[in-house]
Amino acid sequence: MTAIRTENLSKTYGHGWNQEATPAVRMLNLEVKEGEIFGFLGPNGAGKTSTIHLLLNLIRPTSGSAYLFDRPVAETEVHRRLGYLPESIILHDYYRGKGLLDFYAALCGVSPKARPARVAELLKLLNLEDAAGKVVSKYSKGMVQRIGFAQAMLHDPDLLILDEPTASLDPVGRKEFRDILLELKRRGKTVFISSHILSEVETVCDRVAILQNGELKRVGTLQELSAGRSTRFVVKSLPAPLMEALATTAAQVTLVQGQATISCPDEALRKTVEQLLQQHGVEIVRTETETQSLEEIFFATIAAPPRL
C-alpha cells in the first residue's frame, strides 16, 4: 500500500470569470511508499504548499485526484492517520506547554487515561521537559517549532506531513530532529518533508521529488538522480590489447603502485569500458562511483545557479 498517491493532480487559481488563471500544480503523478522518508523540493512558487494543501483536503483540485493510504483525501476518516506541521505555526500561546499538548491531545481523541504519558513522552522526545511549565507566548521560535511537531505526533499518526520543519531550529535542534525522523522510520512511520534546507533532506530522505512551476521534474533516490555520474574501475593489470582499446575511448587511465584506475565521466562510457574489461578477461578489483550532492542535482534540475 502507498501512503500518498496522486493521479494527474492539478490546481489552478483564479480560473473563474474575468480572472487570470495561475496554475500552481500541473498533472502531478506522485507515489510515496509506506515507511519511507520522502523529500519534496522546489524553489519558491513551485507548488509545494499547494500540493500539501491538496493532500490535506484544505483546497480542492481543479482536476485529478489524491489518495492517502489508497483512500480519497476527501474522506475524513483517513485523516486520523495523518499528522501535519505547517510552516507557520499558530498556537494557543496563553497555555503552558504541557497544558497545551494536553488540550490538543483531547482534540485528537487521545483518551484521558493515556494523555499524561503521551504528553510526557513527547515533551521528552522534543527536549521540552524544562519548558513544560512555561507559557507558550514566552517560547523561542525553535521551541514553538518543537511543540508544533509534538502536537502533530500526539495521536501517533502513520503519516507525518512536515512543511519546513527545521526552519527555526539551531544546529543542535536540527541534529535532534534528524534523529527523531530516523526513529519514526524505524517504527514504520511515513514522513513527507517539504524543505529548502537541502543538506537536511539529503541526510535523512530515502527518495526525493523536485517540483518546478507546478510540474514534477525528477523523482528517485540520490543515486538514481545522479545520472551521468563519474565512475572509476580499479583493476590489477591492463594487457596491451586492452590499453589499445581504451585509447580509442575518452576513458582516462592512471597507473599507481601496480594498480590501474580507469575513469569514466559518464554512464555511456562506463558501459563501454565495462564491456571491454569483460572481453579481455580483466577482473575488477573495485568500482568507485561519484554521486552528485542533492544541491547539485537540485540546481541542475531547475537550471538556475544558486542564489548568493
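Sequence positions, counted from 1, serve as the residue numbers for this chain.
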Donor-acceptor check, side chain of [X] to backbone of [Y], threshold 3.5 angstrom: yes or no?
| X | Y | result |
| --- | --- | --- |
| T190 | G35 | yes |
| T249 | A245 | no |
| E164 | H196 | yes |
| R118 | L154 | yes |
| S10 | T62 | no |
| R115 | V110 | yes |
| Q212 | I302 | yes |
| R178 | V204 | no |
| D170 | V172 | yes |
| T166 | L169 | no |

query = Do you see a donor-acceptor pair shorter than 3.5 Å between the side chains of T221 and D206?
reply =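 No, because no side-chain N or O of T221 sits under 3.5 Å from a partner of the opposite role on D206.
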ask   = With a 3.5 Å cut-off and no angle check, do the side chains of Y84 and H79 form a donor-acceptor pair?
value =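 H79 and Y84 do not have a side-chain donor-acceptor pair below 3.5 Å.
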Do the non-hydrogen side-chain atoms of [X] and [Y] ever get within less than 4.5 Å of each other?
| X | Y | value |
| --- | --- | --- |
| T49 | S194 | no |
| I210 | I297 | yes |
| L294 | L41 | yes |
| L122 | L128 | no |
| Q279 | L242 | no |
| L56 | L82 | yes |
| I180 | L126 | yes |
| E7 | N29 | yes |

request  = Begin from the C-alpha positions of Q259 and V285 and carry the test side chain to side chain contact (heavy atoms under 4.5 Å, CB included) through to its verdict.
outcome  = CA-CA 9 Å; Q259 285 191 333; V285 176; 4.2 Å; yes
Using 0.5 Å steps for rounding, measure from the [atom1] atom of [X] to the [atom2] atom of [Y].
| X | Y | atom1 | atom2 | value |
| --- | --- | --- | --- | --- |
| L211 | R26 | CG | CZ | 10.0 Å |
| L30 | L55 | CG | CG | 8.0 Å |
| I52 | I161 | CD1 | CD1 | 6.5 Å |
| R270 | R232 | CZ | CZ | 14.0 Å |
| Y13 | T22 | OH | OG1 | 10.0 Å |
| D158 | K189 | CG | NZ | 5.0 Å |

key: Parallel, tilted or perpendicular, as decided by the 30° and 60° cut-offs, for the rings of F177 and F149   =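 Aromatic pair F149/F177 classed tilted.
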ask   = Parallel, tilted or perpendicular: which describes the rings of F192 and F40, with under 30° parallel and over 60° perpendicular?
value =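 Tilted: the ring planes of F192 and F40 meet at 30° to 60°.
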Hydrophobic cluster membership, with links at side-chain heavy-atom distances under 4.5 Å among I/L/V/M/F/W/Y: are [X] and [Y] in one?
| X | Y | value |
| --- | --- | --- |
| V219 | L28 | yes |
| L182 | I193 | yes |
| Y94 | I89 | yes |
| F103 | M143 | yes |
| L162 | Y104 | yes |

ask   = Yes or no on salt bridge (charged side-chain N to carboxylate O under 4.0 Å, His left out) for E121 and K124, after CA distance, side-chain angles and deciding distance?
value = CA-CA 5 Å; E121 177 188 1; K124 182 177 181 180; over 6 Å; no
Any idea which heavy atoms bring [X] and [Y] closest together, and the distance?
| X | Y | value |
| --- | --- | --- |
| A209 | L216 | CB-CD1, 3.7 Å |
| L9 | P61 | CD1-CB, 3.7 Å |
| A21 | T12 | CB-CG2, 3.8 Å |
| A260 | L255 | CB-CD2, 3.4 Å |
| P157 | A152 | CG-O, 3.5 Å |
| C264 | V273 | SG-CG2, 3.6 Å |

request  = Test salt bridge (charged side-chain N to carboxylate O under 4.0 Å, His left out) on K33 and E31 and set out the steps.
outcome  = CA-CA 6 Å; K33 303 170 186 176; E31 186 173 291; over 6 Å; no
request  = Begin with the C-alpha distance, continue with both residues' side-chain angles, and end with the deciding distance and a verdict on side chain to side chain contact (heavy atoms under 4.5 Å, CB included) for E183 and L125.
outcome  = CA-CA 11 Å; E183 173 60 21; L125 181 67; 5.6 Å; no
Please check if atom [atom1] in [X] has more than 12 non-hydrogen atoms from other residues, nucleotides or ligands closer than 6.0 Å.
| X | atom1 | answer |
| --- | --- | --- |
| R71 | CZ | yes |
| K98 | NZ | no |
| I90 | CD1 | no |

Full working for side chain to side chain contact (heavy atoms under 4.5 Å, CB included) between T6 and V25 = CA-CA 11 Å; T6 67; V25 182; over 6 Å; no
key: Residue pairs fulfilling salt bridge (Lys or Arg N to Asp or Glu O under 4.0 Å) with at least one residue in residues 36-53, sequence neighbours excluded   =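 Applying salt bridge (Lys or Arg N to Asp or Glu O under 4.0 Å) to every pair that reaches into residues 36-53, excluding sequence neighbours, yields E36-R207.
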message = According to side-chain hydrogen bond (donor to acceptor under 3.5 Å, both in side chains), does anything in residues 134-148 pair up with another residue at least two apart or in another chain? List the pairs.
response =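 Qualifying pairs: R146-E176.
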message = Run the side chain to side chain contact (heavy atoms under 4.5 Å, CB included) test on V78 and Y67 for me, step by step, so that the C-alpha distance in whole Å, both residues' side-chain angles and the decisive distance to 0.1 Å come before the verdict.
response = CA-CA 9 Å; V78 75; Y67 302 88; over 6 Å; no
